[in-house]
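Residue numbers begin at 1 in each chain, while the letters A, B, ... track the order of the sequences. Remember, predicted model here, so these are calculated numbers, not experimental data.
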Number of protein chains: 2
Amino acid sequence: MGDGARHIPEATVSRLPVYLRSLAELLDDNVPTVSSERLAEMAGVNAAKVRKDLSYLGSYGTRGVGYEVEYLAFQMSRELGLTRDWPVAIMGAGNLGQALANYGGFTDRGFPVACLIDADESKVGTRIHGIPVYAPADLPGLVQELGISIGIIATPATVAQAVADHVVASGIKSILNFAPTVINVPEGTFLRKVDLALELQVLSFYQEHRTPDRV
Amino acid sequence: MGDGARHIPEATVSRLPVYLRSLAELLDDNVPTVSSERLAEMAGVNAAKVRKDLSYLGSYGTRGVGYEVEYLAFQMSRELGLTRDWPVAIMGAGNLGQALANYGGFTDRGFPVACLIDADESKVGTRIHGIPVYAPADLPGLVQELGISIGIIATPATVAQAVADHVVASGIKSILNFAPTVINVPEGTFLRKVDLALELQVLSFYQEHRTPDRV
DNA sequence: GGTGCTTTGTGAACGTGTGCACGAGCGGGG
DNA sequence: CCCCGCTCGTGCACACGTTCACAAAGCACC
């Protein structure tokens with residue numbers, strides 16, 4: 001079946017980056033092919049899931065052999081849209097915003113931090129960890145000039161919705177929200193959230209309800 | 001019935017902190033009761049889900065009226081184990097570790113950062129944002145003295161597994177992993193992960209596969 | 001060229017999560 | 001005291017995700 005009509009389940013999409021990271025490791029070690037079993041072990045899932053997930057991308061494996069690492073990595077990068085860079089704008093140059101700007105993990109993986117945006121006049125015009133700080137009003141122009149496609153919200157919760165509205169109005173279609181609050185975006189805008197305290201609260205729950213009957 | 005034998009689904013557990021945050025807002029505004037519909041709107045889910053989720057905690061609502069905000073918030077805090085503080089140790093005093101130590105959102109929500117742990121001798125003994133830095137070997141003692149119950153891994157991926165092993169060996173039962181790699185923990189240890197680049201890659205995927213047939 | 005070993009790709013069964021729709025129960029008003 | 005309107009609690013049906021199990025297909029060796 002050619003290339004077209006697949007719909008990849010959301011759960012699978014969330015695992016693709018993990019597989020891709022594993023493949024990158026294998027590439028570094030010059031491993032030519034990998035079985036679903038080995039890949040499953042590296043990605044921390046089971047082999048059947050790996051095979052089903054990869055089958056959504058197409059039939060890139062060889063029975064009796066496994067998957068060619070380099071080819072699979074390329075196909076997966078293409079599918080994830082990682083064959084080009086996606087510049088991001090970080091909204092909010094406070095603690096969290098600065099920390100994210102300084103965190104190298106984004107640029108490394110093809111998401112260069114193009115700018116920081118902050119309403120504080122005293123920060124505008126400066127550079128933080130080498131990244132220029134602009135005013136909110138500059139955002140639409142920056143989106144055009146720098147091809148910014150993703151906005152990262154690292155503001156206090158109180159202004160997060162207003163900031164998100166501004167990000168959307170500036171022409172950005174994807175938002176990653178770090179503010180500990182629910183934000184709403186119009187149809188056609190993609191939103192994901194990272195809630196740091198939430199993760200700790202979930203851990204707290206399971207620790208409190210430690211294995212029901214075992215000590 | 002009563003209080004005992006419920007098993008709360010994982011998906012529900014992940015939403016409880018969101019409800020709790022909404023309830024805290026209502027408390028601030030002195031709102032005495034709230035309907036499942038209003039709470040659903042605040043939490044960004046639908047009303048049926050709210051009612052089903054809350055029913056796992058017990059029958060704390062009143063038909064025809066709604067839920068008493070203060071009482072529900074208390075019951076939920078209790079269920080989540082948030083009636084006491086859970087001190088955390090941050091493993092790794094690099095970029096990310098320092099940023100997390102400086103991020104106030106943890107302490108605010110009952111997860112005080114008790115210490116930073118780093119292998120770099122030149123950092124050990126100093127304070128970063130007021131938080132003392134210790135050597136890895138000090139961890140077991142700190143767990144005992146300070147009652148540390150959660151380890152946050154903010155090290156490079158290359159050493160994350162070794163660090164996790166050390167955290168487990170030191171008596172910590174819950175781990176939040178920020179390192180971009182899969183780590184394995186023994187049965188009985190709770191593990192959650194936050195993968196920043198992964199979130200961006202997922203956004204990249206959906207942006208690349210923008211709404212199939214619409215422009 | 002055939003035989004046997006290996007590993008993929010996938011149909012089918014199972015389990016978890018979601019959403020509807022409605023009965024049950026409470027409060028208020030007459 | 002009864003009736004009416006409101007909102008919770010939940011059984012049921014459906015969708016989504018996971019796992020199993022096995023046929024299909026390639027490779028290697030003889």
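- The distance between the ring centers of B:Tyr60 and B:Tyr67 does not fall below 6.0 angstrom.
- Sorted by first and then second residue, the salt bridge (charged side-chain N to carboxylate O under 4.0 Å, His left out) pairs with a member in residues 188-198 of chain A read A:Arg192-B:Glu199, A:Asp195-B:Arg21; sequence neighbours excluded.
- Taking atom NZ of A:Lys49 as the reference point, atom P of C:dT10 lies 19 Å away to the nearest angstrom.
- Under the side-chain contact (heavy atoms from CB on, under 4.5 Å) criterion, A:Leu146 pairs with A:Ala114, A:Leu142, A:Ile148, sequence neighbours left out.
- Sorted by first and then second residue, the salt bridge (charged side-chain N to carboxylate O under 4.0 Å, His left out) pairs involving residues 42-55 of chain A (not counting sequence neighbours) are A:Arg15-A:Asp53.
- Taking every heavy atom of residues 21-45 of chain A and every atom of DNA chain D, no pair lies under 4.0 Å.
- Here A:Thr33 pairs with A:Val65 under the side-chain contact (heavy atoms from CB on, under 4.5 Å) rule; sequence neighbours left out.
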How would you summarise protein contacts on nucleotides 20-30 of chain C per nucleotide, using B for base, S for sugar-phosphate only and - for none, with heavy-atom distances below 4.0 Å? BB-BBBBS---
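- Taking a heavy-atom distance under 4.0 Å as the criterion, the stretch of DNA chain D touched by chain A extends 5' to 3' from D:dG17 to D:dC27.
- Taking atom CG of B:Asp53 as the reference point, atom C1' of C:dG19 lies 12 Å away to the nearest angstrom.
- Sorted by first and then second residue, the side-chain hydrogen bond (donor to acceptor under 3.5 Å, both in side chains) pairs with a member in residues 108-117 of chain A form an empty list; sequence neighbours excluded.
- Every residue two or more places apart in sequence or in another chain that forms a side-chain hydrogen bond (donor to acceptor under 3.5 Å, both in side chains) with A:Asn95 is listed here: B:Asn102.
- The stretch residues 158-186 of chain B participates, sequence neighbours left out, in these side-chain hydrogen bond (donor to acceptor under 3.5 Å, both in side chains) pairs: A:Gln207-B:Ser174, B:Gln161-B:Asp165.
- The CZ-P distance, from B:Arg15 to C:dT16, rounds to 15 Å in whole Å.
- Under the salt bridge (Lys or Arg N to Asp or Glu O under 4.0 Å) criterion, B:Glu41 pairs with B:Arg38, sequence neighbours left out.
- Between the OH atom of B:Tyr56 and the P atom of C:dT16 there is a distance of 11 Å, rounded to whole Å.
- Qualifying side-chain contact (heavy atoms from CB on, under 4.5 Å) partners for A:Phe74, counting only residues two or more places apart in sequence or in other chains: A:Arg78.
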